[in-house]
Amino acid sequence: MTIVSLVSTILVVVASILATVCAALLAPIIYNLYALPTHFAEHTSSHPASPYTAPRYDLSPNEINAFRRDGLLVLRDVMPANLVEKLVVAGDDLMDIPVRHCEMTKFTTPPIFHGYERYCGRASLVHDYLRDVALTSPLTHVAAQLIGVGKDEPLRSLADVFMAGIDLPRRWHSDYLAFQKASKTRDGVGCRDGLVFWMPLEKSYETKSGMLFLNGTSRMFEDEFAHESSEARSLIPFRKWIRSLDKTEYYAPELELGDAIVFDQCTVHATSGINTEGLLRRAFQLRFLRNAVDYVRDSEDTGIIPGPPQHPRPGVTMPQVWPTTLEEEDAIRAAGPIIFSRSDWTQRMTKSPVFALFTSSMALKTRLFGDAGELNDEPERAFDDVVETSFTGVKGND
């Protein structure tokens, strides 16, 4: 065999390997874009009257004080029966019917969600029952009290998320950076400006991939970044602070269907990473933000993760919910589900090519080998390295 023929053979083999890898990375994205339905058509409902005012749910002073001390609060049996029923029906739909919107949000949000059997960001845009939960639950009034907004000060729904799986990876994090992409206020930290309400669709506890929380980390976060609040919005110091925390003692609440736990954007939390009975864990969460813009901001410090597409009309994908909804925003969702085109999703992925390659690789890795999370922290360190290299061009030593 001549040198030329040997080189040609090697090039053919390399090209074949690269083509196989590219096909494996792109196959699920192509399938999602071209083979799946765009929304959930079976269970529909009329849009709530507009403008809509959320029902009241008055908290006691003790509950408000406990939240401000711990950064979290458990609300027992807080959801009305009709919304609990809609939540369960919608959860069954999301498990049974993969749709384009839901499957593609995995590729525009943190790669941890590739370890979930089902994940759907802003599910209320494509399922009417989850829209009803997001707009008509008393959690909006609870959020207004815990954030401390005035009677006429607006709150917006930053996002809602459906998550389900059995062997879910443990990764300690807070949601602060996600909130900052839509926050007007850039002075100070402002932990209580953004809240997350987490609701299980069946009983949730530690050994069933339940939620874990580090009590008091909200105050610790504010203390850590009080003098340099801009660093709180930068991925590298943000990640280093979370990794420095002692995580041996945590709070693991037991929650039932109809309960909710609310925590602020700075509170560090994780799934347990333990499911001794091999049971499915499903949950839906709502996010509220004060001082919000009506679109998600792209910025240098939080822009590595592109997020899902946004509607061209401001406010439609992040509607105002307090003190009332807005008629001009309601009208667009009332006309039907918000459906993003294939090109919308493609543009979001190509906005950050490094992240697109990384998340597609993590999707392939998770399909083949699963995701052990922080019980084996090598994937977590790999993500830190991608983040640091993207911003500085240099991989850190720690």
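Along the sequence shown, residues carry numbers from 1.
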Are any of the side-chain nitrogens in [X] or [Y] under 4.0 Å away from the carboxylate oxygens of its partner?
X: R68; Y: D264; value: no
X: D175; Y: R287; value: yes
X: R282; Y: D92; value: yes

Decide yes or no for [X] and [Y]: does some side-chain heavy atom of the first lie under 4.5 Å from some side-chain heavy atom of the second?
X: V99; Y: T38; answer: no
X: E103; Y: L36; answer: yes
X: T325; Y: L135; answer: yes
X: V78; Y: Y57; answer: yes
X: F113; Y: M163; answer: yes
X: P154; Y: R290; answer: no
X: F179; Y: S174; answer: no
X: V88; Y: L257; answer: yes

Under 3.5 Å, is there a donor-acceptor pair between the side chain of [X] and the main chain of [Y]?
X: K208; Y: E277; value: no
X: S209; Y: R281; value: no
X: R348; Y: G307; value: yes
X: T350; Y: T346; value: yes
X: D344; Y: F340; value: no
X: T271; Y: P169; value: yes
X: D259; Y: L255; value: no
X: R219; Y: R69; value: yes
X: S229; Y: A226; value: no
X: H127; Y: T44; value: no

Check: [X] ring centroid to [Y] ring centroid under 6.0 Å:
X: H43; Y: Y129; result: yes
X: H114; Y: F107; result: yes
X: F221; Y: Y176; result: yes

Verify the cluster assignment for [X] and [Y]: are they in a single hydrophobic cluster under the rule of side-chain heavy atoms below 4.5 Å apart?
X: M79; Y: Y52; value: no
X: I339; Y: I97; value: no
X: I242; Y: L177; value: yes
X: L286; Y: V149; value: yes
X: F197; Y: V84; value: yes

Would F288 and R156 count as a side chain to side chain contact (heavy atoms under 4.5 Å, CB included) here? Give the steps.
CA-CA 6 Å; F288 298 92; R156 286 193 172 271; over 6 Å; no
Which of these, I147, D58, L59, sits in a side chain to side chain contact (heavy atoms under 4.5 Å, CB included) with V142?
L59
Heavy atoms from other residues, nucleotides or ligands near CD of E85 exceed 12 (cutoff 6.0 Å):
no
If you round to the nearest 0.5 Å, how far is [atom2] of [Y] from [atom1] of [X]?
X: E329; Y: T317; atom1: CD; atom2: OG1; answer: 9.0 Å
X: L72; Y: L146; atom1: CG; atom2: CG; answer: 11.0 Å
X: N82; Y: S137; atom1: CG; atom2: OG; answer: 10.5 Å
X: L168; Y: M211; atom1: CG; atom2: CE; answer: 10.5 Å
X: E222; Y: C266; atom1: CD; atom2: SG; answer: 6.0 Å
X: S157; Y: R122; atom1: OG; atom2: CZ; answer: 9.0 Å

Please verify the inter-ring angle class for F213 with Y251; under 30° counts as parallel, over 60° as perpendicular, anything in between as tilted.
tilted
Where does the angle between the aromatic ring planes of H141 and W322 fall among parallel (under 30°), tilted (30 to 60°) and perpendicular (over 60°)?
parallel
So which heavy atom on [X] is nearest to which on [Y], and how close?
X: M318; Y: L158; result: CG-O, 3.6 Å
X: M95; Y: E117; result: CE-OE2, 3.7 Å
X: D132; Y: S45; result: OD2-OG, 2.6 Å
X: G210; Y: S204; result: CA-OG, 3.8 Å
X: L130; Y: L94; result: CD1-CD1, 4.1 Å
X: T140; Y: A54; result: CB-CB, 3.6 Å

With side chain to side chain contact (heavy atoms under 4.5 Å, CB included) as the test, would you mind laying out the steps for W345 and T105 before giving the verdict?
CA-CA 9 Å; W345 288 106; T105 55; 3.6 Å; yes
Do you see a donor-acceptor pair shorter than 3.5 Å between the side chains of [X] and [Y]?
X: Y250; Y: E206; result: yes
X: Q145; Y: E63; result: no
X: T248; Y: D246; result: yes
X: N291; Y: S183; result: no

Assess the residue pair H269 and H173 against the criterion (ring-ring contact (aromatic ring centres under 6.0 Å, His included)); give the C-alpha distance rounded to whole Å, side-chain angles, the decisive distance to 0.1 Å, and a yes or no.
CA-CA 6 Å; H269 57 284; H173 64 284; 4.3 Å; yes
May I have the step-by-step check of side chain to side chain contact (heavy atoms under 4.5 Å, CB included) for F40 and C102, ending in yes or no?
CA-CA 10 Å; F40 298 92; C102 296; 4.1 Å; yes
Could you walk me through whether V262 and V196 pass the side chain to side chain contact (heavy atoms under 4.5 Å, CB included) check?
CA-CA 6 Å; V262 52; V196 180; over 6 Å; no
Evaluate D96 against R118 for salt bridge (Lys or Arg N to Asp or Glu O under 4.0 Å), listing each step before the verdict.
CA-CA 10 Å; D96 295 340; R118 283 285 186 267; over 6 Å; no
